[in-house]
Amino acid sequence: MSFQTPITIYDAIKNISSRKYLLPAIQREFVWSEEQIERLFDSIMRGYPIGSFLFWKVSKESVKKYQFYEFIVHYYQGKSHNQKAVLMEDEEIISILDGQQRLTSLYIALKGNYASKVPYMRWNNPAAFPKKYLYLNLLKEADDEALKYNFRFLTEEDAKKRDENTFWFKVGDILNFDPKKSFELHKFLINNNLNSDFAGECLFRLSQVIHEERLINYFLEEDQELDKVLNIFIRVNSGGTQLSYSDLLLSIATSQWDKRDAREEIIKFVDEINSIGRGFAFNKDFVLKTCLVLCDFNDIRFKVDNFNTQNMAIIQDNWDKIKESIRTSVELINTFGFDYQTLTSNNAIIPIAYYLYKKGLNCSFVTSSNFRSEREKIKKWLHIVLLKQIFGGQSDNILRIIRDVIRDNLNGFPVDIMKQRLKGTPKSLDFGEDEIENLLEYEYGKRYTFSVLALLYPTLDYSNLFHQDHIHPRSVFTSREKLLKLGVKPEDIDFCLENYNKIPNLQLLQGNINMSKGAKPFVDWLDENYKDDIAKNQYKELHYLSELDLFIANFRDFFNKRKEMMKDSLMQILMF
């Protein structure tokens with residue numbers, strides 16, 4: 001390995017575009033944020049070092065032995081994956097061992113775009129991912145005192161907005177200027193009435209750092225032995241922006257699977273299970289951890305030693321069955337009403353997948369009437385372990401314990417035996433009365449609120465979409481004056497404002513019904529929709545409303561009595 005003559009950013013971009021530079025299968029995916037890219041360009045403009053790079057020169061003979069991937073140019077958050085490179089057998093390439101994130105950032109900024117999710121918009125809404133390009137404000141320095149140059153990812157529409165302190169120059173356009181023809185830059189400044197010294201400094205400096213300065217300092221490894229290259233890769237990636245263990249372990253899997261492409265298989269499968277129902281947030285870590293558990297390896301920690309050739313061969317041979325068990329588990333919890341917001345621990349699914357795997361159960365388990373009671377048992381168990389947060393922190397030990405219990409008790413999902421095994425430990429499944437009362441303190445939309453409500457509504461068909469609904473609409477709790485006008489006693493105002501968002505004022509309603517309910521006073525809505533006394537009483541019974549005064553003026557009494565009813569129900573459910 002030797003240090004080479006540095007090259008310019010322009011040369012690096014040209015080599016990426018021509019596919020002379022590619023990524024080995026052992027590389028992780030792109031993870032940098034917009035802000036990281038913006039800061040990288042600020043550092044480049046200010047002459048700060050951006051680190052060295054490590055390249056691997058792959059001979060024509062070796063190219064056909066390994067799999068390589070192209071750089072991402074158009075990044076779409078959560079959905080962008082590197083495409084497999086199709087190479088001619090006589091091609092010699094340069095593979096990037098260290099510096100992929102920086103080079104991809106340069107490539108996206110200069111040749112592509114970045115589409116990140118707009119906060120609070122749904123993931124399945126295309127409008128939530130506007131295409132943004134990197135721009136540089138030629139008229140004003142950055143407001144952030146840690147930065148000098150104001151680089152920002154903007155949509156083309158936002159970049160058109162101008163004022164006396166704003167002119168956004170698309171950074172990628174600098175590639176169109178010939179650095180030997182400085183008059184082109186002068187002409188651009190004149191044509192756009194950019195007369196300030198700062199504008200000229202910015203534009204000429206950008207051209208200089210892209211076209212002229214040799215900022216890409218790199219070492220070149222020419223050894224063709226994969227084991228050596230893999231060791232170098234792991235060593236150089238042990239610092240900086242840390243690789244996750246799953247990235248490193250997936251790297252090893254990719255190099256050891258001989259019948260499948262581990263990287264493509266696992267990434268594709270993660271996308272598949274995340275698209276089930278309203279969507280989930282599983283990742284490679286979850287899949288790899290599940291592989292270790294399902295294959296009954298004694299050590300299930302994320303260690304390189306656990307992904308040895310023998311173990312990887314076992315995972316590869318059982319991959320189809322592993323996928324089936326995981327997929328069925330996710331489809332099952334989808335029918336329980338879970339999604340990416342309400343499933344508070346991905347690892348809680350692993351024991352379910354293990355049970356299905358050992359029993360040889362497939363997707364019919366999700367719908368067959370033969371398994372109805374078993375599904376109910378698993379649903380209740382899942383809500384309990386999530387509320388007890390037993391998979392929080394380091395969960396390897398609890399996964400091993402539960403796996404052992406399941407393996408030795410396959411006549412049915414062994415909830416009672418698990419509970420007995422964990423009794424008296426920090427991971428106990430037992431609830432005390434005070435603990436149950438505290439569950440009712442969870443608020444609307446919080447991480448564990450759904451599980452509490454789902455336990456209180458065990459008979460609902462969660463294949464339908466249910467909303468968390470405020471019984472007394474939250475719009476009436478916006479001011480003290482509004483509550484007083486509605487008849488709430490002055491001494492109860494603080495209580496109302498402190499508690500309206502908590503579970504005793506929440507119910508689960510089908511989405512379409514909740515939308516129609518809106519902000520109507522609850523007693524009016526109830527009378528409009530349930531004119532028949534039998535139907536109205538059935539509704540009250542289901543929603544813990546029987547014998548309660550439902551007028552907002554008596555919110556305090558309503559809240560406390562409904563809380564007691566819910567507490568009594570939870571004690572019967574949880575203190576089994």
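Keep in mind the model is a prediction, meaning the values are calculated, not measured.
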*What residues form a side chain to side chain donor-acceptor pair (under 3.5 Å) with Y354, not counting sequence neighbours?*
D296
*Looking at R19 and E70, does any basic side-chain N land under 4.0 Å from a carboxylate oxygen?*
yes
*Among I16, I37, L40, find the residue that satisfies the side-chain contact (heavy atoms from CB on, under 4.5 Å) test when tested with L106.*
L40
_Check: F365 main-chain N/O paired with S368 side-chain donor or acceptor under 3.5 Å_ = no
*Run the numbers on K419 and D416 for salt bridge (Lys or Arg N to Asp or Glu O under 4.0 Å), then give the verdict.*
CA-CA 5 Å; K419 182 181 179 184; D416 293 336; over 6 Å; no
*For the residue pair F338 and F336, does the interplanar ring angle fall in the parallel (under 30°), tilted (30 to 60°) or perpendicular (over 60°) class?*
perpendicular
*Would a distance-only check, ignoring hydrogens and angles, find a side-chain to backbone donor-acceptor pair under 3.5 Å from N125 to M121?*
no
*State, with a plain yes or no, whether a side-chain heavy atom of F269 is found less than 4.5 Å away from one of W319.*
yes
*Mind checking what makes salt bridge (charged side-chain N to carboxylate O under 4.0 Å, His left out) contact with E265, not counting sequence neighbours?*
R260, K323
_Below 30° counts as parallel, above 60° as perpendicular, anything between as tilted: where do the rings of F30 and Y114 land?_
perpendicular
*Roughly how far, to the nearest 0.5 Å, is SG of C291 from CZ of F297?*
8.5 Å
*Can you run down the salt bridge (Lys or Arg N to Asp or Glu O under 4.0 Å) pairs that involve residues 440-467, sequence neighbours left out, and say none if there aren't any?*
E441-K502, E441-K563
*asked:* Tell me whether the rings of W56 and F68 are parallel (<30°), tilted (30 to 60°) or perpendicular (>60°).
replied: tilted
*Heavy atoms, side chains only, cut-off 4.5 Å: are V31 and Q101 in contact?*
yes
*So, for F129 and Y76, is the gap between ring centers shorter than 6.0 Å?*
yes
_With rounding to the nearest 0.5 angstrom, report the CD1 to CG distance, I315 to L288._
7.0 Å
_Could you check whether H543 and Y457, counting side-chain N and O atoms only, form a donor-acceptor pair closer than 3.5 Å?_
yes
*Whether S428 side chain and T425 backbone form a donor-acceptor pair below 3.5 Å*: no
*Could you tell me whether R263 and D261 make a salt bridge, using a distance below 4.0 angstrom between a side-chain N and a carboxylate O?*
no
_Between N318 (side chain only) and I314 (backbone N and O only), is there a donor and an acceptor less than 3.5 Å apart?_
yes
_Straight-line distance of R301 CZ to D299 CG, nearest 0.5 Å_ = 4.0 Å
*For N15, what residues pass the side chain to side chain donor-acceptor pair (under 3.5 Å) criterion, not counting sequence neighbours?*
Y21
*Hey, mind stepping through D469 and Q507 against side-chain hydrogen bond (donor to acceptor under 3.5 Å, both in side chains) and telling me if it holds?*
CA-CA 5 Å; D469 170 65; Q507 61 182 345; 2.8 Å; yes
*Can you find a pair of side-chain heavy atoms, one from L439 and one from F431, that are under 4.5 Å apart?*
yes
_Please give me the minimum heavy-atom distance between L508 and Q468, naming the atom from each residue._
CD2-CG, 4.1 Å
*Salt bridge or not for D317 and K259, using N-O below 4.0 Å?*
yes
*How would you list, by chain and number, every residue that makes a salt bridge (charged side-chain N to carboxylate O under 4.0 Å, His left out) with E331, sequence neighbours excluded?*
none
_salt bridge (charged side-chain N to carboxylate O under 4.0 Å, His left out) involving R375 - partner list, sequence neighbours excluded_ = none
*More than 12 heavy atoms of other residues, nucleotides or ligands under 6.0 Å from CZ of R421: is that the case?*
no
_Where L356 and S325 come nearest, the two heavy atoms and their spacing_ = CD1-O, 3.9 Å
*Looking at side-chain heavy atoms only, is the closest gap between E376 and S373 below 4.5 Å?*
no
*Would you mind reporting whether F53 and I96 have side-chain heavy atoms less than 4.5 Å apart?*
no
_Partner set under side chain to side chain donor-acceptor pair (under 3.5 Å) for E34, not counting sequence neighbours_ = S116, K132
*Name all residues meeting the salt bridge (charged side-chain N to carboxylate O under 4.0 Å, His left out) criterion together with K131; count only those two or more places apart in sequence or in a different chain, and write none if there are none.*
none
*4.5 Å side-chain heavy-atom contact, F280 and L343*: yes
*Please check if the distance between the ring centroids of Y133 and H74 is under 6.0 Å.*
no
*Is the closest side-chain heavy-atom distance between E92 and K57 below 4.5 Å?*
yes
_Check: N362 main-chain N/O paired with E324 side-chain donor or acceptor under 3.5 Å_ = no
*asked:* Measuring only between side-chain heavy atoms, which start at C-beta, is K380 closer than 4.5 Å to I573?
replied: yes
*Answer yes or no: does atom CZ of R122 have more than 12 heavy-atom neighbours from other residues, nucleotides or ligands under 6.0 Å?*
no
_Show the nearest heavy-atom pair for residues N274 and F282, with the distance to one decimal._
OD1-N, 2.7 Å
*Quick one: which of I406, L410, N411 gives a side-chain contact (heavy atoms from CB on, under 4.5 Å) with K359?*
L410
_Can a side-chain donor-acceptor contact be found between S345 and N347 if the only test is distance below 3.5 angstrom?_
no
*Between T449 and Y444, do the side chains contain an N or O donor and an N or O acceptor separated by less than 3.5 Å?*
no
*Rounded to the nearest 0.5 Å, what's the gap from CG on L22 to CG on L87? Could you check?*
5.5 Å
*Not counting sequence neighbours, list each pair that qualifies as a salt bridge (Lys or Arg N to Asp or Glu O under 4.0 Å) and has a residue in residues 99-112.*
D98-R102
*So which heavy atom on E374 is nearest to which on G412, and how close?*
OE2-CA, 3.3 Å
*What is the distance from atom CG of L382 to atom OG1 of T344, rounded to the nearest 0.5 Å?*
8.0 Å
*Neighbour count above 12 (heavy atom, 6.0 Å) for N298 CG*: no
*For S395 and I398, indicate whether the former's side chain and the latter's backbone hold a donor-acceptor pair under 3.5 Å.*
no
_Partner residues of K321 under the side-chain contact (heavy atoms from CB on, under 4.5 Å) criterion, sequence neighbours left out_ = Y357
*Could you pull out all residues at least two apart from R400 that satisfy side-chain contact (heavy atoms from CB on, under 4.5 Å)?*
I300, D396, N397, R403
_Reference residue Y355; test ring-ring contact (aromatic ring centres under 6.0 Å, His included); the match among F371, W381, F413_ = F413
*asked:* For the CH2 atom of W32 and the OG atom of S105, what is their distance to the nearest 0.5 Å?
replied: 5.0 Å
*Quick one: side chain to side chain donor-acceptor pair (under 3.5 Å) partners of K84, sequence neighbours excluded?*
E264
